[in-house]
Each structure stands twice: as structure tokens, then as C-alpha cells.
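Okay, so here's the structure we're looking at.
Given the structure is predicted, the values throughout are model-derived calculations rather than measurements.
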Amino acid sequence: MQNTTRINNILGWIVFLIATVTYFLTLEPTVSWWDCGEFITSAFKLEVGHPPGAPTFIILGRMFTLLGGGPERAAVMVNAMSALASAGTIMILYWTIVHLANKLFPEEKLSASEQIAVWGSGLVGALAFTFTDSFWFSAVEGEVYALSSFFTALVFWAILKWENVAHEKNANRWLVLIAYLVGLSIGVHLLNLLAIPAIGLVYYFKKYEFSWKGVIWALIASMGILLGIQYGIIPGVPRVAFVFDRVFVNTFGLPFNSGILFMMALIIAGSVWTIRYTRQRNMVVWNTAVTMVIVILIGYSSFALILIRASANPPMNQSHPDNAFALLRYLNREQYGDRPLAYGQYYNAPRIGTSNPKDQYNKVDGKYKMTGTMPGKSEFDPKMETIFPRMYSDNANHVRAYKEWGKVKGTPVRIRDRGEVKTLQKPTFGENLRFFFSYQLGHMYMRYFMWNFVGRQNDIQGHGEFNNGNWISGIEAFDKVKVGPTGEMPDFMKNDPSRNTYYFLPLIFGLLGMFYQYNQGKKGKETFTVTMLLFLLTGIAIVVYLNQYPFQPRERDYAYAGSFYAFAIWVGLGVLALHSLVKKVLKGSPGAILVTAVSLALVPGILAAENWDDHDRSGRYMTRDYAKNYLESCAPNAILFTYGDNDTFPLWYVQEVEGVRPDIKIINTSYLGMDWYIYQQQFTTNEAPPVPFTFSEDKYYMGRMDAVLFQDRIKGSVELSEAMEFLGSDDVRTKVKVTTGAMMDYLPSKEFHITVDKQKALDSGTVKPEDADLIADRISFKINKSMIGKSEMAVLNMIAANNWERPIYIDHSLLYTGNIHFLDWLQFEGLAYRFVPIRTPKQGIMSGRIDADILYDNVMNKYVWGNVNDPDIHMDEYNRKQINIMQTRYMFARLAEALVQKGENEKAIEVIDKLFELFPDSVIPLTFDSFPAVEQYYRAGAIDKANEIVRILAKNSLGMLNYYTSLPEKLAATIEGDQNREISQMRNLIIITRNYKQDELNKELDEQLQALIDKLEAGRS
């Protein structure tokens, strides 16, 4: 027995070592996209990230960064923490599978072959999960999901350890440990709470005789514990803290947060008394329960870090939770709004009002003062509501998708909307469920499940189309029905590293293990129930809870890693199922060894072989370098307005952690709708001076100036600074009464101008002396909206108050938001646009004038691109998408065009050469966004180079068109727009070669296109 335990422990550590080596070899050496930049920054400087915070992650991350040796190593050390946490998860998974496998044998002492098969099941299941798509993705970047998975695995393993010693004297210490880990895990992610019901069933099966009534009560009790933590302890503690603090501050005149300290003292005193009381009276169950609650609170106390660090005013201080009320708002994630779950509206339900407005408190003159109210929950016409609402968003894109996924026809319902009787098409409950099953369950869960255990088409985010983001198996007979035949695919699609096929093998093993576990008597059914509950709660239950709308900004498979973890248990148990068959033919240890070896090759082996190339991020510095390029686009002491996560978080990272361009004030306009964020911009950040703002804080508290109306009271244009003065006035004449009876702020015109101080514009370097004659007397613009939000108001206020003192820039994404209203007054300087007093009307997708000297220096001398052209580094979809968002190829082409216009043809050719050197066809297939660069080659006289690129573009377009001709009619109809785009691209190539008299190439392209068109028409007839 002792030898068996030693071997089992050694195998667990071997699995840990394999996973560790795998993740360290494929680790991203710096920051990644999305929230990674924010989390790494939070860990390195103990700053405050987005609600509801992750203090446990931050503390552990800070410990790792201290071992790194310097700021430039901070990112890789936080990434390494994820790798080690993930490897720990794999080790625990191995021991969990072995534990569950042992319970499936009636005899406590196993034969040698049975023991080998059990170890084999652990190895196969754990190593299979090691190489799964979603888990591996999170394992090599600095995000919370790897550490969250570790906590989930750890608490589930701990209840199994308790199960082994449940009847021993000190067994309850395992339950206390579980409670403490749950408390700590709240400071990583709430996903870990979903393991509690499975833990509850393990406890029930060990302590009680089975009955369905007992199982139901065990589930009710464990769900009650889960809900008690999520909706009781987590929001309840800060809510009580605010009550105490408001009394202590407002009534007793004590400092802010003194009430929190008093509440903590009460909790400590109450905990000591309760533990002593229950021990003295030998109340074992109550003593254990109280201790568990206390250690949950101890783990949860990691959130004190958020309060402490927010009070220190670090540069990144989201929601500024430096007091009890702000902390409550922070932990409740109030800035994100809510969504209906059990009962609510359909997407076309008229709003009839709001309920329960939320009072907003701020620190004013040393007290908590209610400074306004925020709208409470929206109320809708009851006739347009339903139980279990799945189609609720009124966003036009979401509505269109609801109708497509739900096949909505609806049923007519007559309602009264603002006094007018209307007939609306209310979706039926069946259509509501169709959307749930087809989109939320099918597209947003089962598709991800199949990615991990069957195969993945590519890493392009899919929204339901057949050619992006689907699951495939590698078996043509299955795949061609879903995604079309592979035979005619262009090489860059066939050879895409993210195209991974597992031939159903991991899925088959999982299903075998599932049925085998269920059929192994009473213990099998019990462990099956526990595993199934973990699988469902960390999968389908999350689907129900998230209630996701269509067109999510990114794929969400990382949220379901716990569900895939549970299925990996069954993948491992599939080895036992195979062994039960093979041992009939090949008895003893040889049969077990053979099954284990074959299973290792068929499941973890194929997963590792298929997934390695697209999960290997070693050598990938693109995110960091793109962020540097953004900042290097700006002049000294600039103000840079950004928009989304990927436009902002990496910039925060390179500035805060690596110290790049600390003189720039980075302002995320998505946050400017929050009073705390506007307030923070009025203070120095690193070396960046404050941003001027004309309103005092009380003017833009939450609940005030959240929306600004337009009233045509003045004909013609208004000076922007005067408009801001009008808007900030307390005079009742600057307000307008709306239908609800409330008084709202308004602007008296939609047309504005800024009088230009030409000398300031020249002195600040906003305009070069040689361009002085181009400066307009005033900048004019019009806002074509009925109202603007607080964020738009804040941008306008900052621009008016700046008065050309500092350079102002916007990033690419803001061009397309509709929230920037001076697009005709921009200068394109690379990855950012400078606000200048020189008018340049927008032309097509191109905005801004070009200063060729500034742009050339940025593009050719300052910018770095993170090994983007290294053929051994996979260019994943996020990086390809960012290159498109930044319009990188257009940037080079526009610079070359400006140089050609100046007669600097050699420099223009040099620029286009660098474009195709940095972004070659072999890494990012050339498409229509390379066409402008081709024209500049021709204009600059580089005919042969232009012809070479034309041939590559033609090859890619013809390859796609040839693939489209092979598609069955059902699939071909869905890509008609893509097909027409490729035909248009070919025609453009024919036109340009004709214009530049490349007759032979022109004829060749014309003939190729005509042949394809003939083939397409023949296929339709």
C-alpha cells in the first residue's frame, strides 16, 4: 500500500513536471491582449483594476514580480504564475481521477493490472486536459482564469481527501481548509463557488445512506451555501460596512473608514466568542460551521487591499473605491449594469419607467453626502415580458441576431407606448427557447466544448457563419456538411496552425468513461452524480447565468474551463472502460500497459501534436510593441484618448510597468461616463500633468449630467468654451424640464466652434511653422444627435479647456464610435490622430491630413513590431485583428502616397518594401488592404515589385473564389458577399494593371477571372 501511494505521488509530480515544461516552453514572454495588461499592472504596482477586483491574484502576482529582477520581467513572471497554477491544476486532476477510479472497484486492494489501469486513467485524463485548447490558452498568459482553475481543482480535491478520512477525529480540518480556499478564491474569480454543490454531494454520500430525497436536500443545502456566499457574504459585508461607516463619519465625526475598522473588530470579537462558546459546549457541528464562515471571511479579507490601495491614489484606480460606499459599488459591479435572468423583457418591450433608484454618496466636507441618484432597474410593459428571458437586448445588431437564431416570427400583441396604441410582434416562448438552445447553449458552449474534444476550424471569432470559428473533427464526411469540403481550400486555410483536428477521440474516451463510471454499481453512480454536477454547474449553469447577447466582443470559452476539467475526468476513466474490454483478450499487466500506452498516444498525444503550434507564444512580443507604437505616435506631454480594452490596457502596461512615455496622459473614453474617472484626470499621473477641466466635481457626480440634451435656442455656432460655461451654470434657465418632470442640462445649439489661438498652436508644436498659413481662424463642427453622454461632454470640455496648451490625440478605434465630432480636424501621425486647426475632410475610410516627415519618422524609425514577420511565430487572430484595426497596411500606403506627391519616390518604395517585409503574405495573407500599397509601387516606378504583389493578391483571391465554387449551394449562399468582394478585388487588379500598362499581366488576370466566373455560373445553372 505504501509503495502504491509513493508511485501515485511520483506520477502526480511527473504530470506536474510535463505540464510545467509545456507551459514554460510556450509561455508568452510579455503582456497579452485583453485584461492581461491591466492585471499585470495591478500586480506589479498594486494598483486597482476593474470591478470586482482580484486581490488574491494581485498579491500572488506581486510576489512573483519581486522574483523577476526588473520591470521588464514583470509580465513574464505573472505569466509564469499562471503556468505554475495551471500545472498544479493538472497534478491535482491526476490525483482526482485516480481517487475516483479507485472507487469504481469493489475490492479495496487492486490487482497489479487494475492498479496500472487506474494510474493510466489519471495520466491520460490529466495530460489530455493539459493540452486542451481553452485551458492551454489561459495557462500561458497573465489572466485570472489559470489561478481560478487551480482553486477549483484544489477545493474539489480537498473534499476527496476529506472523504478518505471522514470518520477520523480531525477530518473536519479539510472542510475548514475548503472554506478558507473558497474565501481566497473570491479574490480571484467567482467561478470557484460553482464547485460547492459537487462538494456538498460528496459530503452527503459519505455521511448518509442514499435516497433521492436526501440528494435533493443535499443539493438544496449546498446551493443555499453557494447563494449565501454570493448574495450574502460578498455584497453583505461591504453593505454593513457602509452602514457602520456612515454612522461613524456623519454622526460621530470620525474619519472615513473608521466604521469599517469597528465592524472588523466586532467580527473578530464575535468570532472568538462564538468559537469558545461552541467548543465549551462540545457543539462540534456548530463549531465547524462557525469556523468555516470565519475562515471564508478571512480569505475574503484580501479585498482590504483594494480599499487600502485605492486610498493611495495609484495611477490606475478603477472606480476609486477608497471608502465604504465606493467599495460597495465596486464589488457590486454597478458600472456594468444588469441583465434579466428568471423574469424580464423581450428586446422590443417598451420601457415604462424605473424602480428603486440608487442613491449615490460621495465624500463631501468630511461626511458622506447623497449627491444624486442613478436610475434603478428598468420596468417594461408586462405584456412584453416572459419567464426565463433570453432575448432581451434592444441593440439593433443583437435584435437582428435574435431573429436569425430564434427564427422569430412572433405573435401580435397590442400595447400602449407613450399614449400611442401599437401592435408589436412578441417572440413566442418557443422562439425564446430556440435562441437559448441554438445560440447560448449550442454556439456559446457546445461549440467550445467540441473545440476542446473534437477539433477546431480556425481561431477567427465566429458569429454563426460556416467558415469561421466552428468545430471540426478531421473526418471529411462529417466536416464537409458543416464547413464545406477541404479539397479546394487555399493553402493558407488548409495550413492554418489554428486548424486542429482530433477525430472525435477525446470525446469518445470521455463518453466511454462517463458510461463506465455510471455502470459501476452504487459507488459508480455516486461519483458519476458528483462529476456530472461539477460538469453542469461549471458549464450549462454558467450559460444560463451569463445570459449572453449575440456578437460578444471575444470568444468566451475560457469561462467554461471548469466544465472541460470535469469532462477530462471522464476522458481519463475511458482508459478503465477500454481496459475492461481488453483484459478479456490480453490479461494481466501487459493488457493494462498496452491500453495506457495506446490511450496516451490517441488522446494527449494527438492533442499536443495538433495544438502546440498555435498555442506556442514564445517569442511573441506583438502586444507590448503595438502599445509602444501607440505611445510613440504622440508628441511630448500629449493627451491620448483611447476607446476599448485592447486600445488601453496594453498601453497602461507599457507605461506603468516598463516606463514607456510616462509624459502621456492616457484617457479611456469608455470610462469618462464615470465621475471618479473624470476626477482622476485632473491630477498628475507619473510625469503627465493634469488635464484641464472646467467643472467642479459636484457638477458631474453620478446621477448628474449623465446625459446632455440639445435644444435649438441659438441659431448658428456657439464658442465651445462658452457652451461649457453655459452647461456648468446653476441658473435654472440653463435646464430644461423633461417628460418625467426632472430638470436636465442642455446645450443651446448643435453647432460649435473653437477660436484658434494661432500663436499657441505654433508654440506648442501642434502645427509646424511651415504650415502656419493652413491654420484656420476657427474650428467648426456639428453634433448630429439629440443628446450626448457624460463621456462625450467630458471630451469636449477637456478640449475647450486645453486651448492648444498640449497636443491632443485620438486612437484609431475612436474614429468609428460616433462619439468624436471633430473628425475633419485631424492629422494622421501613425497609430494616433492629432487634433489640429487645419481642416481635412474625411475621404472614405481615410481621416486626417498627413505630415510626411512625422509619419515617416514614426513608421521607419520609432515603431517596433514584435517579431510579427517571424514565420515560426503563430500570428493569432487577436494580433491579425489588431493589425486591421490599426489599419497598418493603409498607414504605410498613405505615407508612401504622401512621399510620391512630394516627388520622393525612392523613400516611398522604401516604405512599401518595409510594409511587405514586416507583414508578408506567408504570415498574414495579402488581401484588399494591400491594394493601395500596390498602386504606390506603380506610381513610384517599382513596376516589378508591384507586379509581384499583384500576382500574390490574385493568387489569394482566385484561391478563395475557387474554394467558393466547390461549396454546396446551402453554404455558398451565405458567402455571396465575400465572393463578390473577391471578384471586386480581381477587377481592381485588372484595372490597375491596365492603367499602368502591364498588358501581359492584365490579360492573364482577366482570363483567370473570366474562367472563375464561368465556373461559378455553371455551378448555379
Side-chain angles (χ1 to χ4, degrees), residues 629-642 661 663-667 688-692 717 719-722 724 751-782 795-812 814-815 820-843 846-863 887 891 894-904 907 911:
N629 293 346
Y630 266 113
L631 296 183
E632 292 297 349
S633 295
C634 301
N637 299 314
I639 299 168
L640 172 61
F641 290 108
T642 63
R661 296 299 304 274
D663 59 303
I664 295 174
K665 193 78 167 180
I666 302 168
I667 303 177
V691 176
S717 178
E719 179 75 43
L720 185 59
S721 59
E722 294 177 2
M724 290 297 109
E751 298 182 33
F752 304 94
H753 65 265
I754 304 171
T755 301
V756 178
D757 186 328
K758 296 185 179 182
Q759 193 57 50
K760 268 193 176 181
L762 292 169
D763 292 343
S764 65
T766 298
V767 179
K768 289 182 176 180
E770 56 266 34
D771 294 328
D773 58 333
L774 299 176
I775 299 177
D777 293 328
R778 69 182 195 175
I779 289 174
S780 301
F781 59 93
K782 183 176 182 180
V795 171
L796 294 174
N797 192 305
M798 291 173 181
I799 287 173
N802 182 61
N803 194 25
W804 309 109
E805 294 287 346
R806 293 165 65 185
I808 290 177
Y809 289 82
I810 67 170
D811 76 359
H812 274 284
L814 282 169
L815 293 176
I820 299 297
H821 307 290
F822 44 85
L823 298 183
D824 288 346
W825 301 91
L826 299 176
Q827 181 168 285
F828 181 49
E829 297 186 3
L831 300 189
Y833 295 77
R834 194 197 297 231
F835 179 49
V836 295
I838 301 173
R839 187 169 185 270
T840 309
K842 185 177 179 182
Q843 296 181 346
M846 303 301 178
S847 295
R849 69 187 297 272
I850 288 179
D851 184 309
D853 295 334
I854 295 175
L855 187 55
Y856 183 87
D857 185 45
N858 285 338
V859 168
M860 302 300 287
N861 300 323
K862 291 184 179 180
Y863 289 173
Q887 298 181 350
M891 175 178 68
R894 292 189 71 186
L895 172 58
E897 181 182 23
L899 292 170
V900 169
Q901 289 173 352
K902 293 175 65 175
E904 300 179 12
K907 289 179 74 173
V911 168

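Contact annotation: the side chain of I850 approaches that of R894 to within less than 4.5 Å [non-hydrogen atoms, C-beta and beyond]. Using a 4.5 Å cut-off on side-chain heavy atoms (C-beta onward), Y863 and M891 make contact. Residues N629 and K862 form no side-chain contact, since every pair of their non-hydrogen atoms from C-beta on lies 4.5 Å or further apart. Taking the side chain as every heavy atom from C-beta outward, L826 and L815 approach each other to under 4.5 Å. Within the 4.5 Å cutoff, the side chain of D777 has heavy atoms near those of the K758 side chain. Put simply, the side chain of E829 reaches to within 4.5 Å of the side chain of Y809, judged on heavy atoms.
Closest non-hydrogen pair, A761 versus P837, comes out as CB-CG, 4.2 Å. Here the closest non-hydrogen pair linking A852 and L899 is CB-CD2, 4.3 Å. Summarising the geometry of A800 relative to M724, their closest heavy-atom pair is CB-CG, 4.4 Å, with the distance given to 0.1 Å. For the residue pair N637 and R661, the shortest heavy atom distance occurs at N-NH2, 4.5 Å. Considering every non-hydrogen atom in both L640 and I810, the closest pair reads CD1-C, 4.2 Å. Of all the heavy atoms in I664 and C634, the pair that sits closest is CD1-CB, 3.7 Å.
Within a 6.0 Å radius of CD in E770, other residues, nucleotides and ligands contribute more than 12 heavy atoms.
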Would I779 and V756 count as a side chain to side chain contact (heavy atoms under 4.5 Å, CB included) if you check the C-alpha gap in whole Å, the side-chain angles of each, and the deciding distance to 0.1 Å? CA-CA 7 Å; I779 289 174; V756 178; 4.1 Å; yes

Stepwise side chain to side chain contact (heavy atoms under 4.5 Å, CB included) check, R834 with I854: CA-CA 11 Å; R834 194 197 297 231; I854 295 175; 4.2 Å; yes

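Ring pair W804/F835: centre-to-centre distance below 6.0 Å.
Note that CG of L855 and CZ of R849 are 11.5 Å apart. Values are rounded to the nearest 0.5 Å. Between the OG1 atom in T642 and the CD1 atom in I667 there is a gap of 8.5 Å [rounded to 0.5 Å]. To the nearest 0.5 Å, the span separating CG on D757 from CG on L762 amounts to 9.0 Å. I799 contributes atom CD1, which lies 6.0 Å from atom CD1 of I754 (distance to the nearest 0.5 angstrom). Interatomic distance, K768 NZ to Q827 CD, rounded to the nearest 0.5 Å: 8.0 Å. Atom-to-atom distance recorded for L895:CG and D851:CG is 10.5 Å, nearest 0.5 angstrom.
Of the candidates Y833, Y630, F641, Y833 is the only one forming a ring pair (Phe, Tyr, Trp, His ring centres under 6.0 Å) with H812. For the side-chain hydrogen bond (donor to acceptor under 3.5 Å, both in side chains) with H753, the qualifying choice from R778, K782, E722 is R778, the only one to do so.
The pair R806-D663 fails the salt-bridge criterion, with no side-chain N (NZ, NE, NH1 or NH2) lying under 4.0 Å from an Asp/Glu carboxylate O.
A donor-acceptor pair under 3.5 Å is formed between the side chain of S633 and the backbone N or O of L831.
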